[in-house]
Structure formats: structure tokens, C-alpha cells
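First comes the structure, then the notes that go with it.
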Amino acid sequence: MSDCIFCKIIAGEIPSAKLYEDELIYAFLDISPINFGHALVIPKEHHQSASTIPEETAGRMFHVASRIGILLKRMEEFDAYNLHLADGTAAGQVVMHAHLHVIPRGAEDGFRWNWRQLTYPEGKMAEIASEISAKLAGKIRD
Ligand code: AMP
Ligand code: ZN
């Protein structure tokens, strides 16, 4: 896609700190990291949403992201990592080329997810599970 910054990175038109590349995916350092080493793993094919990435490519993204995560974990100040993917503006997606964040984490890194936890009213959890599972049936390998 011609006006996509990540497509330009893959094409070499914009510089990047490359970590890995194969026929399906490209991995590089995030330019504004949560912690140093924060990486992005992207499909070479342009997809705005992760939901349209073919299964083999999505699997490769997850595999390589986990491998990068393990390496980041071994760096001096880190002993953990988060994988994060924002799909849609409300979820925090800014670059509209699907990407998986690999964020190295340490207990003293000063970063906290603002993760709230709601409580389901009576019956709501079963209602939502049944609605999603009914719609999901038959859609996983279509
Ligand atoms: P998101 O908010 O999930 O869409 O994340 C987009 C990420 O892309 C942000 O963390 C940015 O710092 C990162 N980013 C944007 N432009 C570049 C670039 N030219 N090179 C590396 N990372 C970038
Ligand atoms: Zn793109």
C-alpha cells in the first residue's frame, strides 16, 4: 500500500532497525519504545486488521515475536515480556498495518497497564459466551 509507513519500511524506502526478515514477515525496533528493545513484528503483505492475515503468516508472527521476547527477557534489566496487538483505533491502533508489539518488561521498569476489571451481572457472562460461540462456529477455517 503506497501511503503506508510500514509498507515503506518493508520496501526499504524508510530506514528501520531490522531484527529479522523472511518471505512472510519483517521485525524491527519500535522507534518510540516503552522499554529499549521494544520490537514490532509485521506481515509483509499489507493488512489493516490482524483478522485478515493468513494463518501461516499470523503463526509465523507469533512464533518470531515469542523468540524475540525470549531474547529480550535475557537482557540485563528485563525478565519478562508482553505481546500486544491493537486492532482498530479505539484499541489504540495508530499505524494501520497490523503489527504485533514485543515489549520487554522488568519488575522495576515503571510501566503499568491501566487494566480495569469489571464484574459480570448475573447471566451476562453465559449470554455473551453463547452469542460469540454460536457466531464463531464454522468461521475459524472458512
Ligand atoms: P500502534 O499504536 O499499536 O499502532 O503502534 C504503532 C507503533 O509504531 C508505535 O509504537 C510507534 O512508535 C511505531 N512506529 C511508528 N513509526 C515508526 C517507524 N518509522 N519506525 C519504527 N516504529 C515506528
Ligand atoms: Zn502497509
Side-chain angles (χ1 to χ4, degrees), residues 1-75 77-107 109-142:
M1 208 188 163
S2 57
D3 61 347
C4 169
I5 190 168
F6 285 178
C7 283
K8 286 182 177 161
I9 283 177
I10 293 163
E13 293 163 17
I14 291 178
S16 68
K18 183 168 108 175
L19 302 178
Y20 175 79
E21 175 177 22
D22 63 28
E23 77 283 12
L24 296 178
I25 68 162
Y26 190 92
F28 57 109
L29 290 183
D30 193 299
I31 204 165
S32 306
I34 287 176
N35 282 320
F36 295 146
H38 178 165
L40 299 172
V41 181
I42 64 178
K44 281 196 165 170
E45 208 173 70
H46 181 90
H47 291 270
Q48 176 166 329
S49 168
S51 64
T52 62
I53 300 172
E55 187 172 350
E56 187 188 1
T57 307
R60 186 79 58 85
M61 285 171 66
F62 190 84
H63 181 74
V64 170
S66 310
R67 283 289 167 284
I68 293 171
I70 294 292
L71 294 172
L72 293 171
K73 252 174 93 155
R74 293 186 188 138
M75 286 166 68
E77 65 267 51
F78 307 124
D79 58 9
Y81 65 93
N82 285 111
L83 295 183
H84 170 74
L85 189 149
D87 199 319
T89 304
Q93 184 176 9
V94 173
V95 176
M96 294 300 164
H97 180 130
H99 50 279
L100 188 53
H101 293 259
V102 190
I103 305 159
R105 299 300 310 280
D109 69 5
F111 178 73
R112 295 287 171 266
W113 297 106
N114 186 12
W115 190 294
R116 72 171 179 195
Q117 296 191 289
L118 305 177
T119 303
Y120 283 104
E122 182 71 27
K124 190 74 178 166
M125 198 174 185
E127 181 192 318
I128 291 175
S130 118
E131 187 185 333
I132 295 172
S133 65
K135 288 181 180 159
L136 202 54
K139 288 200 185 296
I140 297 301
R141 290 189 182 273
D142 53 5

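Everything numeric in this text was worked out from a predicted model, so none of it was measured.
- Within the model, atoms CD1 of I53 and CD of Q48 stand 11.5 Å from one another, a figure rounded to the nearest 0.5 Å.
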Worksheet item: Is there a side chain to side chain contact (heavy atoms under 4.5 Å, CB included) between L40 and L100 once you walk through the steps?
Response: CA-CA 6 Å; L40 299 172; L100 188 53; over 6 Å; no
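- You'll find the side chain of Y81 reaches within 4.5 Å of the side chain of L83, heavy atoms only.
- In this structure, CD in E55 is found 12.5 Å from CZ in R60, a value given to the nearest 0.5 Å.
- Residues S51 and D87 share a closest heavy-atom pair of N-OD2, 3.9 Å.
- Taking the six-membered ring for Trp and the full ring otherwise, H101 and H99 have centroids separated by under 6.0 Å.
- Between the side chain of Q93 and the backbone N or O of S49, no donor-acceptor pair lies under 3.5 Å.
- Atom CE of M125 has 12 or fewer heavy atoms from other residues, nucleotides or ligands within 6.0 Å.
- Contact of the I25 side chain with the Y20 side chain is registered, since non-hydrogen atoms from C-beta on lie closer than 4.5 Å.
- To the nearest 0.5 Å, atoms OG (S66) and NZ (K73) are separated by 10.5 Å.
- Aromatic ring orientation, F6 versus F28: perpendicular (interplanar angle above 60°, classes split at 30° and 60°).
- Between H84 and the options W113, W115, F111, a ring pair (Phe, Tyr, Trp, His ring centres under 6.0 Å) holds for only W113.
- K44 and D22 make their closest contact through NZ-O, 2.8 Å (heavy atoms, listed as atom of the first residue, atom of the second, distance).
- Closest heavy-atom contact between D109 and P104: OD2-O, 4.2 Å.
- Taken from OG1 in T89 to CE in M96, the straight-line distance is 3.5 Å, to the nearest 0.5 Å.
- Scanning all heavy atoms of the two residues, the minimum distance from R112 to A107 falls at NH2-O, 3.3 Å.
- Here the closest non-hydrogen pair linking A39 and I68 is CB-CG2, 4.1 Å.
- Within the 4.5 Å cutoff, side-chain heavy atoms of E56 are placed close to those of L24.
- The backbone N or O of I42 lies less than 3.5 Å from no partner atom in the side chain of H47, so there is not a single donor-acceptor pair.
- For the residue pair L72 and F78, the shortest heavy atom distance occurs at O-CB, 3.5 Å.
- To the nearest 0.5 Å, atoms NE2 (H97) and CD1 (I5) are separated by 11.5 Å.
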